[in-house]
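Beneath this line is the structure, given in structure tokens, with notes to follow.
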Amino acid sequence: SYSYLEFLRVKLFQSYDINEAKKSIDDTAAERRPLSDVGVEADFTPYKYFSFAARNIYSVYNGWKQTNYDLSISDWRGDNVVVGYRYTLGSIEEINISAKAVITGNIDAVFISRRDQFNSRTVENTIGAVYHTQCWAVGLDLTKSDTSTMTGATPQTGTDTRIVLKLSLTGLGKFGF
């Protein structure tokens, strides 16, 4: 049997609406826009422990609408670090960091942080541990989330702290309490 590394994958996609293109401009005040947004996806894995992924959407009429990038570094034990950037026009600009450290063959430690760049605040920080065997796993996470909201014209800030117990049965899915 052959083993290979998928070094590069690129996907471009767009659609064209024939009915929109044929529509008379006199019928509506809006202009015709027969071209859909262009989707651009790329996966680059030059080495089995290093990868880069991009998932972007470009409007041919208005420019970039969404950009998502992930850089992942891992090792032979299963430890990994992922740094991600998320941007959606007018709503999200976020930097995400996640890490998993293999403590023993059955125990992993996890860390997740999400930072909102629009509002210069940390959205979420999570630390946790997972114990796993061949057919089941149990995990415990401690998460602190920023709960900034607007009440009228007054911003309200607070912190939500959650402790989550997770149970996963192979083939059945995950449950969180």
Return yes if some donor-acceptor pair links the side-chain N/O of [X] with the main-chain N/O of [Y] below 3.5 Å, else return no.
X: Asn119; Y: Arg121; value: no
X: Thr126; Y: Thr143; value: no
X: Asp116; Y: Ser120; value: no
X: Arg77; Y: Val102; value: yes

side-chain contact (heavy atoms from CB on, under 4.5 Å) assessment of Leu165 paired with Leu167: CA-CA 7 Å; Leu165 177 65; Leu167 176 63; over 6 Å; no
Among residues at least two apart in sequence or on other chains, which ones pass salt bridge (Lys or Arg N to Asp or Glu O under 4.0 Å) with Arg114? Glu94, Glu124
Heavy-atom closest pair (Val60 atom, Ser36 atom, distance to 0.1 Å) is CG2-O, 4.4 Å
Which heavy atom of Ala129 sits nearest a heavy atom of Asp141, and at what distance? N-OD1, 4.2 Å
Can you name the residues that form a side-chain contact (heavy atoms from CB on, under 4.5 Å) with [X], not counting sequence neighbours?
X: Tyr16; answer: Ile18, Ala21, Pro34, Leu35
X: Lys11; answer: Arg9, Phe13, Glu41
X: Asn62; answer: Arg33, Ser59

If you measure from the Lys or Arg side-chain nitrogens to the Asp or Glu carboxylate oxygens, is any gap between Arg86 and Asp70 under 4.0 Å? yes
Are Lys144 and Asp160 ion-paired here, with the side-chain N under 4.0 Å from a carboxylate O? no
Show the numbers, then the answer: is there a salt bridge (Lys or Arg N to Asp or Glu O under 4.0 Å) between Arg55 and Asp43? CA-CA 9 Å; Arg55 305 284 184 266; Asp43 295 313; 2.9 Å; yes
Whether the Thr67 and Trp64 side chains hold a donor-acceptor pair (N or O, under 3.5 Å, no angle test) is what I'd like checked. no
Any side-chain donor near an acceptor of the partner, Thr45 and Ser51, under 3.5 Å: no
Do you reckon Ile163 sits in the same ILVMFWY cluster as Val138, going by side-chain contacts under 4.5 Å, direct or chained? yes
Indicate, with yes or no, if Ile95 and Leu71 share a hydrophobic cluster defined by side-chain heavy-atom contacts under 4.5 Å among Ile, Leu, Val, Met, Phe, Trp and Tyr. yes
Only counting residues at least two apart or in another chain, list the ones meeting ring-ring contact (aromatic ring centres under 6.0 Å, His included) with [X].
X: Tyr49; result: Tyr47
X: Phe118; result: none
X: Tyr61; result: none
X: Tyr85; result: none

4.5 Å side-chain heavy-atom contact, Thr161 and Leu142: yes
With sequence neighbours excluded, tell me which residues meet side-chain hydrogen bond (donor to acceptor under 3.5 Å, both in side chains) with Ser145. Arg162
For Thr88, enumerate each residue passing the side-chain hydrogen bond (donor to acceptor under 3.5 Å, both in side chains) test, keeping only those at least two apart in sequence or located in another chain. Gln66
Near-ring test Phe44/Phe50, centroid separation under 6.0 angstrom: no
Would you mind listing every salt bridge (charged side-chain N to carboxylate O under 4.0 Å, His left out) that reaches into residues 60-69, with sequence neighbours excluded? Asp37-Lys65
Approximate separation, where rounding is to 0.5 Å, of Ile127 CD1 and Leu140 CG: 9.5 Å
Working to the nearest 0.5 Å, report the span between CG of Asn80 and OG of Ser72. 5.5 Å
Could you give the side-chain donor-acceptor pairs of residues 106-113 under 3.5 Å, partners two or more places apart or in another chain?
{"residue": "Asn106", "atom": "ND2", "partner": "His132", "partner atom": "O", "Å": "2.7"}
{"residue": "Asp108", "atom": "OD2", "partner": "His132", "partner atom": "NE2", "Å": "3.2"}
{"residue": "Ser113", "atom": "OG", "partner": "Asn125", "partner atom": "OD1", "Å": "2.8"}

